[in-house]
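For the numbers below, each heavy atom of this structure counts, side chains included, while hydrogens, waters and symmetry mates do not.
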Amino acid sequence: MNQVLDAYENKKPFYLYTGRGPSSEAMHVGHLIPFIFTKWLQDVFNVPLVIQMTDDEKYLWKDLTLDQAHGYAVENAKDIIACGFDINKTFIFSDLDYMGMSPGFYRNVVKIQKHVTFNQVKGIFGFTDSDSIGKISFPAIQAAPSFSNSFPQIFGDKTDVQCLIPCAIDQDPYFRMTRDVAPRIGYPKPALLHSTFFPALQGAQTKMSASDPNSSIFLIDTAKQIKNKVNKHAFSGGRDTIEEHRQFGGNCDVDVSFMYLTFFLEDDDKLEQIRKRSHAHGELKKELVEVLQPLIAEHQARRKEVTEEIVKEFMTPRKLFYDFQ
């Protein structure tokens, strides 16, 4: 990270890389976190951004056809575009499309594949002898965008543009592998910024699941659905008895509404005040509903304006607004 910031201070550019595994049409609020943060980084540093849609990965791991996986990539791209990325500085690509038309990208995939052993990926990802060879070789495809010459249309043949990857903590194994392999193929190591895992409504110990609509707030939920889900399903760090809960309110250390507020409430002072005071029954939930309803409504309004043409433009390999001499 210090190398990226040093380079920036010395007027040397870096670029951002993040991604999304399109496993279903509906994304939830947890998926938004890396994109909201990445957009902020793009605005603050004014740098190019590449966003990888790993439709190939989802085809390999899930019971989807290639066409379904690719269709989800395009639908998810609309939600990503709705976060407000600048079309002149952002390239969104589907692996199924881009890898077939980009010699620079595929060459890096092969270089990475040559330098990672089966033993290593078994150790990192837990692959077994019954996993398809597609899964075993996939990590190289997620690693490749970390290197600037995977995008010759943006960076020409430059191999030394540093990469910064904002992502959720569960993607860390891929990029540990990438950082390990980078110096051996003559490229700079990418820097990483992790967001912590976003808890399901039922509590930090449970997992959000696209198949359980009550485990998360989805980007297609109505204001009413948001309110109902938070009130009914958001874990509030239950005290031992209802009386105690009414008296002391939620416990901020485990209260899901409070955890969500740490992600979505912009005002840190207000967050600290909320954390310090004792809460009446349902108060944290009410705060959260008031933050989420407008956030999701605004997202939905922006998404409605994303046409197929706009998606196509974002996903067309092209020179971005930068000149890399």
Y322 (side chain) donor-acceptor with I154 (main chain) under 3.5 angstrom: no
Once you measure the plane-to-plane angle for F151 and F155, does it fall in the parallel (<30°), tilted (30-60°) or perpendicular (>60°) bin? perpendicular
Are L164 and L16 packed together at the side-chain level, in the sense that at least one heavy-atom pair is separated by less than 4.5 angstrom? yes
I'd like to know whether OH of Y174 has more than 12 heavy-atom contacts from other residues, nucleotides or ligands below 6.0 angstrom. yes
If you measure from the Lys or Arg side-chain nitrogens to the Asp or Glu carboxylate oxygens, is any gap between E287 and R277 under 4.0 Å? yes
Should F37 and M27 be counted in the same cluster of Ile, Leu, Val, Met, Phe, Trp and Tyr side chains packed under 4.5 Å apart? yes
Check the hydrophobic clustering (I, L, V, M, F, W, Y; side-chain heavy atoms under 4.5 Å; chains of links allowed) and say if Y106 and I133 are grouped together. no
Should I112 and V109 be regarded as members of a common hydrophobic cluster, given that ILVMFWY residues are connected when their side-chain heavy atoms come within less than 4.5 Å of each other, either directly or indirectly? yes
Other residues, nucleotides, ligands: >12 heavy atoms within 6.0 Å of Q3 CD: no
Is K58 reaching over with its side chain to a backbone N or O of S23, donor-acceptor style, under 3.5 angstrom? no
With distance as the sole test, does S137 use its side chain to make a donor-acceptor pair with the main-chain N or O of G134 at under 3.5 Å? yes
Nearest heavy-atom pair of S148 and D160: which atoms, and what distance? OG-N, 3.8 Å
Using ring pair (Phe, Tyr, Trp, His ring centres under 6.0 Å), reason through Y15 and Y17 one step at a time and then give a plain yes or no. CA-CA 7 Å; Y15 73 102; Y17 156 39; 7.6 Å; no
I need the minimum non-hydrogen distance between P145 and C163, along with the two atoms involved. O-SG, 4.4 Å
Should R176 and D180 count as an ion pair when the cut-off is N to O under 4.0 Å? no
Can you confirm if the aromatic rings of F93 and F105 lie within a centre distance of less than 6.0 Å? yes
Side-chain heavy-atom pair L284, I274 within 4.5 angstrom cut-off: yes
Going through the distances and angles, do I92 and F85 end up as a side-chain contact (heavy atoms from CB on, under 4.5 Å)? CA-CA 10 Å; I92 302 175; F85 292 106; 5.9 Å; no
Will you find, in the side chains of H28 and D221, an N or O donor that is under 3.5 Å from an N or O acceptor? no
Looking at K270, I want to see if its NZ is surrounded by more than 12 non-hydrogen atoms of other residues, nucleotides or ligands under 6.0 Å. no
Side chain proximity check, F197 to I33, heavy atoms < 4.5 angstrom: no
So with a 6.0 Å cut-off around NZ of K227, is the heavy-atom count from everything else above 12? no
Give a yes or no on whether L292 and M259 share a hydrophobic cluster (residues Ile, Leu, Val, Met, Phe, Trp, Tyr; joining criterion: side-chain heavy atoms under 4.5 Å apart). no
Flag the pair F127 / F138 as yes when their ring centroid distance falls below 6.0 Å, and as no otherwise. no
Taking every heavy atom of M315 against every heavy atom of A77, the minimum-distance pair comes out as SD-CB, 4.2 Å
Closest approach of P139 to F125 (non-hydrogen atoms, all atoms of both residues): CG-CE1, 3.5 Å
Under 3.5 Å, side chain of Q300 to main-chain N/O of L219, donor-acceptor pair present? yes
T18 side chain to P166 backbone, donor-acceptor under 3.5 Å: yes
Which atom pair, heavy atoms only, marks the closest approach of Y98 to Q153? OH-OE1, 3.2 Å
Can you tell me if R318 uses its side chain to pair, donor with acceptor, with the backbone of E313 under 3.5 Å? yes
For atom CZ of R107, decide whether the heavy atoms of other residues, nucleotides or ligands shown that lie under 6.0 angstrom number more than 12. no
Is there a donor-acceptor pair under 3.5 Å between the side chain of K111 and the backbone N or O of I185? no
Check the pair M53, I80 against side-chain contact (heavy atoms from CB on, under 4.5 Å), reporting the backbone distance first and the verdict last. CA-CA 10 Å; M53 309 299 282; I80 292 167; 3.7 Å; yes
Using modelled atom types only, decide if a donor and an acceptor are shared between the side chain of S150 and the backbone of A144 within a distance under 3.5 Å. yes
What's the verdict on salt bridge (Lys or Arg N to Asp or Glu O under 4.0 Å) for R275 and E272, showing C-alpha distance, side-chain angles and the deciding distance? CA-CA 5 Å; R275 197 181 66 76; E272 188 52 26; 2.9 Å; yes
Just so I know, are the side chains of F321 and D86 near enough to count as touching, which here means a heavy-atom distance under 4.5 Å? no
Shared hydrophobic cluster for F147 and M101 (ILVMFWY, side-chain gaps under 4.5 Å): yes
I'd like to know if the side chain of Q162 reaches the main chain of F14, judged simply by a donor and an acceptor atom lying under 3.5 Å from each other, with no hydrogens or angles considered. no
Please step through side-chain contact (heavy atoms from CB on, under 4.5 Å) for the pair I165 and Q171, ending with a clear verdict. CA-CA 10 Å; I165 307 171; Q171 299 304 302; over 6 Å; no
Are Y8 and N46 close enough that a side-chain donor and a side-chain acceptor fall under 3.5 Å? no
Determine yes or no for a side-chain-to-main-chain donor-acceptor pair under 3.5 angstrom, with K229 supplying the side chain and S216 the backbone. yes
Ring-plane angle category for F263 and F198, please: parallel below 30°, perpendicular beyond 60°, tilted otherwise. perpendicular
More than 12 heavy atoms of other residues, nucleotides or ligands under 6.0 Å from CG of D157: yes or no? no
Under a 4.5 Å cut-off applied to non-hydrogen side-chain atoms, are L49 and K89 in contact? no
So do W40 and I36 actually touch side chain to side chain, heavy atoms under 4.5 Å? no
Give me the ring orientation class for F264 and Y260: parallel if the planes are under 30° apart, tilted from 30 to 60°, perpendicular past 60°. perpendicular
V311 to K78 - nearest heavy-atom pair and separation: CG2-CG, 3.6 Å
Taking atom CZ of F118 as the centre, does the number of heavy atoms from other residues, nucleotides or ligands within less than 6.0 Å exceed 12? yes
